[in-house]
Number of protein chains: 2
Amino acid sequence: MARSRSASAAAKPAESAGEQELNRSALLAAAATEFAGHGLRGASLETIARAAGITRAMVYYYFGGREGLYIATLEEAYRGINAAEMALDVERLEPLQAMRKLVEFRIDFYAQNPTFVALVAVENQLEGAYLRQSEVVRDRGTHNLARTRSVLERGQREGAFRKGVDPLDLHQLMVSIGIFNVSNRHTFGLIFGRDLGSESQLARTRRMAAEVVLRYLAP
Amino acid sequence: MARSRSASAAAKPAESAGEQELNRSALLAAAATEFAGHGLRGASLETIARAAGITRAMVYYYFGGREGLYIATLEEAYRGINAAEMALDVERLEPLQAMRKLVEFRIDFYAQNPTFVALVAVENQLEGAYLRQSEVVRDRGTHNLARTRSVLERGQREGAFRKGVDPLDLHQLMVSIGIFNVSNRHTFGLIFGRDLGSESQLARTRRMAAEVVLRYLAP
DNA sequence: GTCTATATATGGATAGAC
DNA sequence: GTCTATCCATATATAGAC
């Protein structure tokens, strides 16, 4: 994870803007792992800096300190997730297939991004205090919800789905299954002997979620 | 939260076993809040001790240190939850009503125990490393799952529920909705403008969950 | 822009007084 | 059983060298 660099390297300015940017993103990458694993207060700036191959002082130089780094990490995480989520297009599928794909995508998506899920858990531990100050937030919700609503309403017009289902209820349902599957996999696995992180279990959860949602929407 | 006690109190032994037990449980109560809010590493022993009205040294005396206190806190939390969950009895209800009650109970239950939900999140952040060592675990899962299975099978025999549903899938579904509703309420609320913590929203989630589960089980 | 050095605080863990 | 005192390690935040 650490970029190789001589331990005894003297003060040596970056030769290019590119290399500076590299330090910044190395810090962000290391910070994501560390904050996700230990929370805002529990994270060690020393560990983050070392993993990024630079010194703690740089955290202050680039981000002003622990909180600044955390906020940047959180926003970066949401930005990356937004971009990936936007890529999914189901407009040309039949409502039933489209909805199934929406569900399955979401289950897989969180499973592939456990660090993001963990960072969201950390931000919830902080009662959303930092996300509250961020503008990256609003767009995110509206786009995902709009897509779900669009598929839902299309299905309702065509008679594939029943009326009277709130799109946000539906979205909440899908996200609940997908997030829990990742965020609580360790305790759930220990208590019930089912490893939610395994490939076979992921397939099982995917199938269960699709069936749940389609039955919830059935006329 | 702190028990009132003169700041300059000299070393004064507890007069009774009861008072010692009081210190121990005061520590556990304070620790639950602090660990739930800041994680294992992020928690401040100083804050915990002060909230309990005693000094940091007592943490070492009673629990041997940070980890010991954390383990005791986690086990205490699970014990309390176990006791409360055991109290629910749905054997004399019709399968449909019984299942509805099972779902609604679970939604309300987590909503009423946010500190427990947060502690579980912390333990997942630690990859279940401490729960793994605890024996309190196994009983817990088996009892809850057994009750769900019992109601499910009863309903299947009577034709109220379809066959081919895995009890653990069903349990996972209910727990997902209930836990997410609490664990991610802050970020969800900020992104979608829906306060999952409010009474009216709790009622909404309760209704949604019941409908989801009963439709999932419908023949 | 990056490092080393430093002050300052806080936490971990124990010893000793009562 | 509880406190105070203390040592040592680690973390925060900044200053100064290059």
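Chain letters run A, B, ... following the sequence lines, proteins first, then strands; residues in each count from 1.
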Can you measure [X] atom [atom1] to [N] atom [atom2] for me and round it to whole angstrom units?
X        : N       : atom1 : atom2 : result
Phe63(A) : dT14(D) : CZ    : P     : 17 Å
Glu34(A) : dT10(D) : CD    : C1'   : 14 Å
Arg56(B) : dC7(D)  : CZ    : P     : 15 Å
Met58(A) : dG16(D) : CE    : P     : 16 Å
Arg41(B) : dG12(C) : CZ    : P     : 11 Å
Leu22(B) : dG1(D)  : CG    : P     : 15 Å
Glu46(A) : dC3(C)  : CD    : C1'   : 13 Å
Arg50(A) : dT2(C)  : CZ    : P     : 19 Å

Among [options], the one nearest [X] by side-chain distance:
X        : options                  : answer
Ala57(B) : dT2(D), dT14(D), dC3(D)  : dC3(D)
Ser44(A) : dA11(D), dT2(C), dT4(D)  : dA11(D)
Thr55(B) : dC3(D), dG1(D), dT4(C)   : dC3(D)
Ile54(A) : dC3(C), dG12(C), dG1(C)  : dC3(C)
Tyr61(A) : dG11(C), dG1(D), dG1(C)  : dG1(C)
Tyr60(A) : dC3(C), dG12(C), dA13(D) : dA13(D)

Less than 4.5 Å apart, any side-chain heavy atom of [X] and any of [Y]?
X         : Y         : answer
Leu131(A) : Leu126(A) : no
Met208(A) : Ile177(A) : yes
Glu85(B)  : Arg106(B) : yes

Problem - 5′-ward residue of the pair Gly64(A)/Thr47(A) relative to DNA chain D - result: Thr47(A)
Problem - Under-4.0 Å side-chain N/O to phosphate OP1/OP2 contact, Asn23(A) with dG1(C) - result: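 Checking dG1(C) against Asn23(A), no side-chain N or O comes under 4.0 Å of OP1 or OP2.
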Problem - Base of dG12(C) paired with side chain of Arg66(B) (donor-acceptor, under 3.5 Å) - result: no
Exercise for the section: Tell me yes or no: between the side chains of Glu123(A) and Thr187(B), is some donor less than 3.5 Å from an acceptor? Expected result: no
Exercise for the section: Could you tell me whether the side chain of Asn184(B) and the main chain of Asn124(A) form a donor-acceptor pair under 3.5 Å? Expected result: no
